[in-house]
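Comments concern the structure below.
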Amino acid sequence: MKIYTNENNTSTLKLLIAAKLASKKVELQNASFAGPRALPLLEVDDQLTFFSSNAAVQYLFPILDLSTDGQCQQMLEWEATRLQPAVATVLTSKSVPSDLKQALSSLLQTVDDLLSKYKYILGDKLSAVDISVWSTVYPLYYNKELNQLYLSQFVHIKRWVDELAAAKAVQEAVTQWNGSVNGPFGASSALGIPQVSSLVSPVGSPDEAELGVTAEEIEAAKDSWLNGLSKLDEPSKEEKVVLPIEGRRNVLITSALPYVNNVPHLGNIIGCVLSADIFARYCRICGYNTLFVCGTDEYGTATETKALEEGVTPRQICDKYFEIHNAVYRWFDIGFDYFGRTSTDQQTEISQKMFLKLMENGFISKQSVDQLLCEKCDRFLADRFVEGTCPHPGCGYDNARGDQCDKCGKLINAIELIEPRCKVCGHKPTVKPSEQLFIELGQLEPSLRTWISSTEHQWSPPARAVTRAWLRESLRARAVTRDLKWGVPVPIDGFRNKVFYVWFDAPIGYLSITQVATKQYEKWWKPDKQYDVKLYQFMAKDNVPFHAIMFPATCLGINEGHVLVSHLYATEYLNYEEGKFSKSRGVGVFGTDAQETGIPSDVWRFYLASIRPETSDSSFSWTELGTRNNSELLNNLGNFCHRSLSFCANAFKGVVPEIKPTQTDYELMALVNREVAAYVQHMEKGRLREALRHVLSVSRLGNQHMQSEQPWVLLKGSDDDKERGSTAIGVCCQLVALLAALLAPYVPHTARRLREQLNVDRAVLRLQPRNPSLIQYLPVGHKIGKPEPLFAKIEPDLLDRLRAKYAGTQSERANKENGESANQTVAQLESAIAEQGEKVRQLKASTKDKTVWQPEVNKLLELKKQLAAAQAQSNGPSSVASLEKAIADQGDKVRQLKATTKDKSVWQPEVDKLLALKKQLADAQAQTSAPAPTESVASLEKAIAEQGDKVRKLKASTKDKAVWQPEVNVLLDLKKRLAALQISK
């Protein structure tokens with residue numbers, strides 16, 4: 001085996017340590033080849049080469065304990081996308097900003113915390129994670145100055161580094177590496193990820209200058225520069241209704257339909273709509289005929305559950321949250337061709353038509369199935385109305401839904417849940433039979449497997465992994481109907497009181513939304529043979545079974561030529577800081593929250609794309625958000641664009657100068673073309689995060705070129721110097737135009753501003769995917785617009801405030817904000833009362849004329865009334881209605897806790913809160929029912945009769961004393977009042 005590397009590359013140290021520990025012999029060679037390659041590169045043989053250092057480490061030092069495989073993958077992703085970029089920036093920067101120091105300290109604290117619990121990072125056994133992280137921190141640890149600055153306080157890291165350093169295999173690897181802890185270090189990418197590439201792509205390092213460029217690359221760059229503009233395809237005419245065009249590449253794009261029962265969080269946004277939008281915008285700048293559709297998924301139990309919670313109809317819930325989703329996506333600049341919804345007549349018509357055809361072809365059967373019936377609610381419990389313990393071996397998650405387990409990701413039949421409980425009332429349901437219709441997936445399995453094997457090579461790794469996991473066992477028949485009211489009605493006798501299961505009709509929503517948008521959905525979804533239509537679908541991995549198994553099986557069973565997904569791009573999960581995003585619990589940053597931060601939507605888009613969980617889970621970090629904005633957007637990209645255009649504006653009055661390229665310029669163009677080629681390659685394969693790295697590499701190459709050429713010096717020199725200086729400025733302006741095109745999918749608003757500063761139309765800045773390269777977008781003599789900064793610095797204190805603001809759950813934040821608001825009002829009123837009181841005292845001391853000071857006294861009395869009301873509000877709900885609602889909410893919370901655990905210490909504090917609320921309610925009710933001075937015996941007797949009837953009904957409905965005892969207390973109080981009144985008379 002051979003390792004190709006450049007000098008002092010710490011990622012090479014990873015491979016050497018892994019090889020030594022595994023007793024595998026490797027040969028170290030300096031890279032002498034040309035072309036787009038990532039370093040280090042592990043060549044196993046003629047058939048197998050690794051371009052990712054972490055993937056190579058795993059090959060050399062494989063995981064033996066499969067139970068830690070998921071953790072290992074996640075930590076390696078974390079090391080590659082978070083730790084290594086921060087360390088690389090520190091190692092290569094002359095001055096390190098304070099926010100980056102803070103970010104690195106936070107990352108190292110994570111490692112130290114793990115090592116405080118275990119001998120190694122993942123436990124008591126050495127893993128690939130230890131090798132990768134150790135190699136990354138190695139130059140920090142053994143450089144005295146850096147050690148003192150960054151590592152001195154981390155005692156567990158010190159113990160771990162020293163122990164590994166003492167190992168013979170590690171010492172031999174360090175000797176063979178022969179690097180220096182004082183640098184300079186091997187090239188790192190624009191995102192600060194030293195030589196980290198896609199696991200399957202040969203395109204990696206953006207800094208390839210050490211490898212040199214070939215004569216062929218220089219000639220190609222020269223040809224593109226001189227003739228590239230003429231080779232661009234003519235811009236396509238924008239049609240109001242987009243339909244497939246014969247002879248064109250027709251791209252149909254969908255993002256998983258977001259469920260309408262909640263506000264989307266950042267994980268939802270990057271996993272689905274934002275990823276699809278980035279790809280759709282890329283397709284448009286390449287001239288592909290593109291249709292991008294999405295919409296809200298509105299049928300099913302989640303909608304009914306939310307409607308019950310909010311006391312409205314399912315339609316009202318859908319209308320409310322459709323507008324919320326629509327507004328969030330507009331703010332994020334998601335460029336749908338059409339954003340629709342599934343609760344439409346078109347959805348009903350197409351779903352019923354497809355079902356009847358599936359039935360006609362013999363793939364629908366009837367089965368009597370046992371279902372869970374909540375006798376208290378008097379209803380069958382559809383999947384999301386029931387929760388319990390996951391039945392799948394090795395999982396045991398105790399909050400699994402009746403349709404799917406959020407922990408292991410496997411689908412569930414509600415009847416299989418262990419210890420099920422009704423989500424509405426918390427009671428344990430009983431089992432009753434109900435006749436349902438099923439799709440016979442087993443009959444469709446052979447053709448489904450054949451299709452998957454022919455196309456899955458074009459899918460993302462998470463999509464393939466989930467699909468293969470599903471196909472390890474034979475497929476079983478699955479219910480397509482259920483006992484609900486909110487959904488597409490089943491159009492056959494005996495089942496008309498049922499609706500389709502949402503998993504069956506939701507993917508059909510893509511077709512119905514297309515029908516609403518174009519009135520001719522079959523042209524896209526059942527295209528004639530002369531139209532080349534490719535379907536690209538974006539989603540998180542939990543949606544893969546419905547798009548890779550269920551819906552394709554439905555289409556194959558119908559057998560009417562429906563287009564099947566050719567490129568299925570699923571992501572892993574995006575975590576929030578140290579936890580997980582959760583819509584149900586309100587954890588994380590939601591779309592509406594992002595709007596309130598004051599941070600532009602383009603910054604959010606850029607950051608989310610840069611941490612897109614393409615191969616394993618990744619994490620959102622407020623500190624990293626600031627670091628990426630300040631270092632990549634502001635200092636790298638924004639700095640280059642603003643400097644280049646400002647030089648043109650100041651030195652040439654905004655007119656693009658004549659460019660006379662030298663050999664050095666053509667070498668730069670060749671390097672840039674490598675990045676553009678890599679960008680296109682990654683984009684075409686749905687690796688959006690990887691493509692973004694190459695965009696920023698173009699900017700970095702431009703910065704390096706400007707620093708090397710120093711046009712501000714050349715323009716003051718000889719005629720030859722001035723010619724060279726004007727060429728440098730002209731080349732940089734062309735690079736800015738190229739960046740405006742490459743950036744457009746990621747930061748569309750910034751790209752629009754950049755086009756305005758360049759004074760060019762969007763149609764000019766196109767890409768030629770068959771020959772991606774730098775061309776002369778701006779003709780000599782072109783007049784640019786006014787240069788302006790594109791980005792602003794995000795200060796650390798703002799990030800600290802936002803981190804604190806969005807900690808906890810949404811309900812906890814709301815309670816905190818309400819409490820702070822109420823407390824602030826109380827404080828303001830107390831201050832106003834003190835001032836007004838002093839004013840009244842001074843007036844009374846100065847005059848006995850009541851007409852002078854009485855108006856001020858009235859103001860004082862009004863302020864005191866407002867204070868009393870504010871204090872009551874800050875102390876919690878005081879009205880009977882608000883207390884009853886608070887008791888109902890708290891009761892639900894207690895029931896859910898009791899259903900999930902027998903540990904009294906967990907739920908007793910919540911029970912205490914419930915009892916306290918009931919006591920407040922009893923007091924409030926007693927106060928409202930207290931007899932007025934004129935109250936009669938007859939009125940009290942009537943009140944006692946009504947209250948007694950209320951108590952009897954409550955006792956008949958439940959044995960829970962905590963429910964009816966407060967009402968008994970009210971009854972007893974009424975009887976006492978009656979007795980007192982009778983005695984007084």
Exercise. Would you check if Ile611 and Arg689 make a side-chain contact, meaning some heavy-atom pair closer than 4.5 Å?
Key: no
Exercise. Start with the C-alpha distance between Glu624 and Ser106, add both sets of side-chain angles, then the distance that settles side chain to side chain donor-acceptor pair (under 3.5 Å), and finish with yes or no.
Key: CA-CA 10 Å; Glu624 188 181 26; Ser106 175; over 6 Å; no
Exercise. Answer yes or no: is there a donor N or O on one side and an acceptor on the other, between the side chain of Trp160 and the main chain of Asp112, under 3.5 Å?
Key: no
Quiz item: Do you know which two heavy atoms are closest between Ser610 and Arg628, and how far apart they sit?
Solution: OG-NH1, 2.8 Å
Practice problem: Decide side chain to side chain donor-acceptor pair (under 3.5 Å) for Asn54 and Gln58; before the verdict, give the C-alpha distance in whole Å, the side-chain angles of both, and the deciding distance to 0.1 Å. | Solution: CA-CA 6 Å; Asn54 282 351; Gln58 288 181 279; over 6 Å; no
Quiz prompt | Enclosure of Lys24 NZ (heavy-atom neighbours >12, cutoff 6.0 Å) | solution = yes
Quiz prompt | Side-chain heavy-atom pair Ile17, Leu21 within 4.5 angstrom cut-off | solution = yes
Self-check item: Trp78 and Asp617: side chain donor to acceptor below 3.5 Å
Solution: no
Exercise. Taking only Lys NZ, Arg NE, NH1 and NH2, and the carboxylate oxygens of Asp or Glu, determine whether Arg674 and Glu217 approach each other closer than 4.0 Å.
Key: yes
Exercise. Locate the shortest heavy-atom distance separating Val90 from Leu104; write the atom from each residue and the value.
Key: CG2-CD2, 3.7 Å
Quiz prompt | Closest non-hydrogen atom pair, Thr10 against Pro139 | solution = CG2-CG, 3.9 Å
Quiz item: Can you check whether Asn636's main-chain N or O pairs, donor with acceptor, with Asn703's side chain at less than 3.5 Å?
Solution: yes
Practice problem: State plainly whether the residues Lys158 and Asp162 are in salt-bridge range, i.e. N to O under 4.0 Å. | Solution: yes
Quiz item: CD of Glu27: more than 12 outside heavy atoms within 6.0 angstrom?
Solution: yes
Quiz item: Do side-chain atoms of Thr727 reach the backbone of Lys660 as a donor and acceptor pair under 3.5 angstrom?
Solution: yes
Practice problem: Tell me, please, which residues at least two apart from Glu795 pass salt bridge (Lys or Arg N to Asp or Glu O under 4.0 Å). | Solution: none
Quiz prompt | Qualifying residues under ring-ring contact (aromatic ring centres under 6.0 Å, His included), relative to Tyr746, sequence neighbours excluded | solution = none
Exercise. Return each pair, listed once, that meets salt bridge (Lys or Arg N to Asp or Glu O under 4.0 Å) where at least one residue sits in residues 603-615; pairs must be two or more places apart or across chains.
Key: Asp277-Arg605, Arg612-Glu614
Quiz item: Would you call Glu632 and Arg700 a salt bridge, using N to O less than 4.0 angstrom?
Solution: no
Exercise. Indicate yes or no for a side-chain donor-acceptor contact from Asn143 to the backbone of Leu140 under 3.5 Å, with no hydrogens or angles considered.
Key: no
Self-check item: Heavy-atom pair of closest approach, residues Leu107 and Ala86
Solution: CD1-CB, 3.8 Å
Self-check item: Heavy-atom side-chain proximity of Tyr141 to Leu146 below 4.5 angstrom
Solution: no
Quiz item: Of the options Leu743, Leu738, Val676, which is the one that meets Val695 in a side-chain contact (heavy atoms from CB on, under 4.5 Å)?
Solution: Leu743
Quiz item: What are the two closest non-hydrogen atoms of Leu126 and Asp130, and how far apart are they?
Solution: CD1-CB, 3.5 Å
Quiz prompt | Short side-chain to backbone donor-acceptor contact, Gln171 and Ala165, under 3.5 Å | solution = yes
Exercise. Tell me, please, which residues at least two apart from Asp721 pass salt bridge (Lys or Arg N to Asp or Glu O under 4.0 Å).
Key: none
Self-check item: Exam field: side chain Arg159 to backbone Leu115, donor-acceptor pair closer than 3.5 Å
Solution: yes
Quiz item: Among all residues two or more places apart in sequence or in another chain, which pass the side chain to side chain contact (heavy atoms under 4.5 Å, CB included) test with Gln153?
Solution: Ser105
Self-check item: Short N-O contact, Lys685 and Glu690, less than 4.0 angstrom
Solution: no
Self-check item: Set of side chain to side chain contact (heavy atoms under 4.5 Å, CB included) partners for Asn635, sequence neighbours left out
Solution: none
Self-check item: Qualifying residues under side chain to side chain contact (heavy atoms under 4.5 Å, CB included), relative to Asn771, sequence neighbours excluded
Solution: Ser224, Gln768, Ser773
Practice problem: Mind checking salt bridge (Lys or Arg N to Asp or Glu O under 4.0 Å) for Glu43 and listing every partner two or more places apart, or none if nothing turns up? | Solution: none
Quiz item: Side chain of Tyr607, backbone of Ser621: donor and acceptor closer than 3.5 Å?
Solution: yes
Practice problem: Examine the side chains of Asp665 and Thr662 and answer whether a donor and an acceptor come within less than 3.5 Å of each other. | Solution: yes
Practice problem: Kindly assign one of parallel, tilted or perpendicular to the pair Phe620 and Tyr576, based on the angle between their ring planes and the thresholds 30° and 60°. | Solution: parallel
Practice problem: Report yes if some heavy atom in the side chain of Ile3 is under 4.5 Å from a heavy atom in the side chain of Thr12; otherwise report no. | Solution: yes
Quiz item: For Pro661 and Trp225, which heavy atoms make the closest approach, and how far apart are they?
Solution: CG-NE1, 3.6 Å
Quiz item: Should the ring pair His694 and His682 be called parallel, tilted or perpendicular, given that the plane angle runs from 0 to 90° and is split at 30 and 60?
Solution: parallel
Quiz prompt | Pro462 and Thr615, any side-chain heavy atoms less than 4.5 Å apart | solution = no
Quiz item: Mind checking what makes ring-ring contact (aromatic ring centres under 6.0 Å, His included) contact with Tyr59, not counting sequence neighbours?
Solution: Phe50
Self-check item: For Glu216, side chain to side chain contact (heavy atoms under 4.5 Å, CB included) partners two or more places apart
Solution: Thr214
Practice problem: Apply side-chain hydrogen bond (donor to acceptor under 3.5 Å, both in side chains) to Thr571 and list each qualifying residue two or more places apart in sequence or on a separate chain. | Solution: none
Practice problem: Report the residues that fulfil salt bridge (Lys or Arg N to Asp or Glu O under 4.0 Å) with Glu667, sequence neighbours left out, ordered by chain and then residue number. | Solution: none
Self-check item: Ser708 side-chain N/O to His705 backbone N/O, donor-acceptor pair under 3.5 Å
Solution: no
Practice problem: Test side chain to side chain donor-acceptor pair (under 3.5 Å) on Ser618 and Arg82 and set out the steps. | Solution: CA-CA 9 Å; Ser618 61; Arg82 298 186 66 182; over 6 Å; no
Exercise. Kindly say whether Trp459 contributes a backbone atom to a donor-acceptor pair with the side chain of Arg464 at under 3.5 angstrom?
Key: yes
